[in-house]
Amino acid sequence: MTKKNYSKPTKAIAFGLLTAVLWSSCSKEPNDLRAVNDDLTQMSTSPASRSAVLETVPNELLVKFKKGVSETARSKALLRISGKVKEKVLTKMMLRAGDDEGFMVVHTPLAVLEAKAAMRGEEIVFAEPNYVYHHSAVANETFYSNATLWGMLGSSTSPANPFGSQAGQAWLANRTGIASVHIGIIDEGVMFAHEDLVENFWTNTQDPVDGIDNDGNGYIDDIHGWDFDGNNNTVFDGTGDDHGTHVAGTIGAKGGNGKGVAGVVWNVKMISAKFLGSRGGTSANAVKAVDYLTDLKLRHGINLPATNNSWGGGGFSQALKDAIDRAGAANILFVAAAGNDGLNNDATLRYPSGYTSENIIAVASIVKDGSISSFSNYGATTVDLGAPGSAIASTIPVSSKGKISSGYATYSGTSMATPHVSGAVALYVSSNPGATVSQIKNAILSSTLATPSLTGKTLTGGRLNVAGF
Ligand SMILES: [Ca+2]
Ligand SMILES: [Ca+2]
Ligand SMILES: [Ca+2]
Ligand SMILES: [Ca+2]
């Protein structure tokens, strides 16, 4: 893991932005390194200038009108920015929550901040940038061969590591989860056919592949989830979905099957809500991904206590916070990466981990010696706990001669810490089926082990303890 692997400047170029700083991503192309170093030079300026550069989709705004505003008034408002409606976002969850207005993705020739200012008015609920998010892994190291899965170890496992998540001790007590617990993975796609994931991946029995939206959720044949970036039902699109696949393996790679790695929970059903593509993901698609999983829980009556969110970027989005709150109202935790800037989130809030929504658990990263990872963000009030995130071995897709096969690799980032906590949620709910979000969150936060490197840097001052609840 090296700091120069933080960001992927080709993304910024693709979006035509000179001001973008990608606070969390992993570099895959060696020829990115030069430009990444330039980025770091830019990042080493003052915190004020750093917080001023948030990546957005150029010439786009998310606009929500108040209910009952006339068509004439809407047209007039949009005319102020020469706006053209690109897409209307009205999810099943918004309808369930009594909102039949939704919001619009509006194209404008104006610069985003200029357009935002021009859209202020009494007919508007919000007009905000369509932010771009990136995942929060920091390194893509050598392929897994003989790695120690230290994040799963405990104080009295063999081998032992007191700074692991203690999951191994839960397994020794025969606590390995139940298949009826579902976890949503809001990320890149996931290689669901991976040899160590296939048994723990969700299949939508209520919407078989027949060209019809049998379960009526608005997504045709969402057999393993939905790809909101590509707007299709293929949630695995190749080796570019390595980050999502890695996250999935930490939550729920099949344990005890003699293959590869083991996730925190050995029996679970993971659902992919892919919204991060090769250029990252947008606020509009993040909202759709969050709402998709919330609606799925209610529509299918499944036990889905949490989504894993190993991504971040952008500024405050009312549209996204609303979606996170709708998830909270449906008893779904939003487990979120604190980010990889090595900075204090209390000083500059990071999103989505920094929203005030009660159902968020924000996760920092620790190293196997118990120190906080050099890249990890922290915050005495904004980050809840630490979990293993440096040199984490998990599942990835690998490609050889055009053929995709199951592989393993070690990655680092708050991206890797977060799924340890999501797996812990699944394990807790396996033995406490009726638990509410506040009960689950309280169980996880109150069982943490005091950790000097996290004292004053997280709300609990502690690290994840899967054997403690
Ligand atoms: Ca469907
Ligand atoms: Ca179907
Ligand atoms: Ca796809
Ligand atoms: Ca395995």
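Indexing begins at 1, ligand by ligand and atom by atom, following the structure's order. The analysis underlying the following values was restricted to heavy atoms, covering all of them including side chains, and did not include hydrogens, waters or symmetry mates.
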Apply salt bridge (Lys or Arg N to Asp or Glu O under 4.0 Å) to Arg299 and Asp215, showing your working. CA-CA 8 Å; Arg299 182 174 299 269; Asp215 61 357; 5.9 Å; no
Donor-acceptor under 3.5 Å (Asn340 side chain, Gly413 main chain):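 Checked: no pair found.
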Using a cut-off of strictly less than 3.0 Å, determine whether Asn232 has an N/O/S atom near the Ca ion (ligand 3).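 Yes - counting backbone and side chain alike, Asn232 has an N, O or S atom under 3.0 Å.
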Examine all N, O or S atoms of Asp229, backbone included, and report whether one is under 3.0 Å from the Ca ion (ligand 3).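 Of the N, O and S atoms in Asp229, none lies under 3.0 Å from the Ca ion (ligand 3), which means no.
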Geometry at the Ca ion (ligand 1) - [Y] [atom2] versus [X] [atom1] angle, rounded to 10 degrees:
{"atom1": "OD2", "X": "Asp207", "atom2": "OD1", "Y": "Asp213", "answer": "90°"}
{"atom1": "OD1", "X": "Asp222", "atom2": "OD1", "Y": "Asp215", "answer": "120°"}
{"atom1": "OD1", "X": "Asn217", "atom2": "O", "Y": "Tyr219", "answer": "90°"}

So how far is it from His300 NE2 to Gln206 CD, rounded to the nearest 0.5 Å?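 It is 4.0 Å, given to the nearest 0.5 Å.
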If you consider just the N/O/S atoms, which atom of Asp237 is the closest one to the Ca ion (ligand 3)?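 Answer by atom name: OD2.
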Aromatic plane relationship, Phe103 with Phe126 - under 30° parallel, 30 to 60° tilted, over 60° perpendicular: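 Rings of Phe126 and Phe103: tilted, 30 to 60°.
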Between Trp311 and Tyr133, what is the ring plane arrangement, given parallel below 30°, perpendicular above 60°, and tilted in between?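 Trp311 vs Tyr133 ring planes: perpendicular.
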Using 3.0 Å as the cut-off, count the protein N, O or S atoms closer than that to the Ca ion (ligand 4).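 Number of qualifying protein atoms: 6.
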Looking at Glu87 and Lys288, is there a salt bridge between them, counting it only when a charged N and a carboxylate O are closer than 4.0 Å?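 Salt bridge: yes.
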Centres of the Trp226 and Tyr219 rings: under 6.0 Å?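 Ring-ring flag for Trp226/Tyr219: true, centres closer than 6.0 Å.
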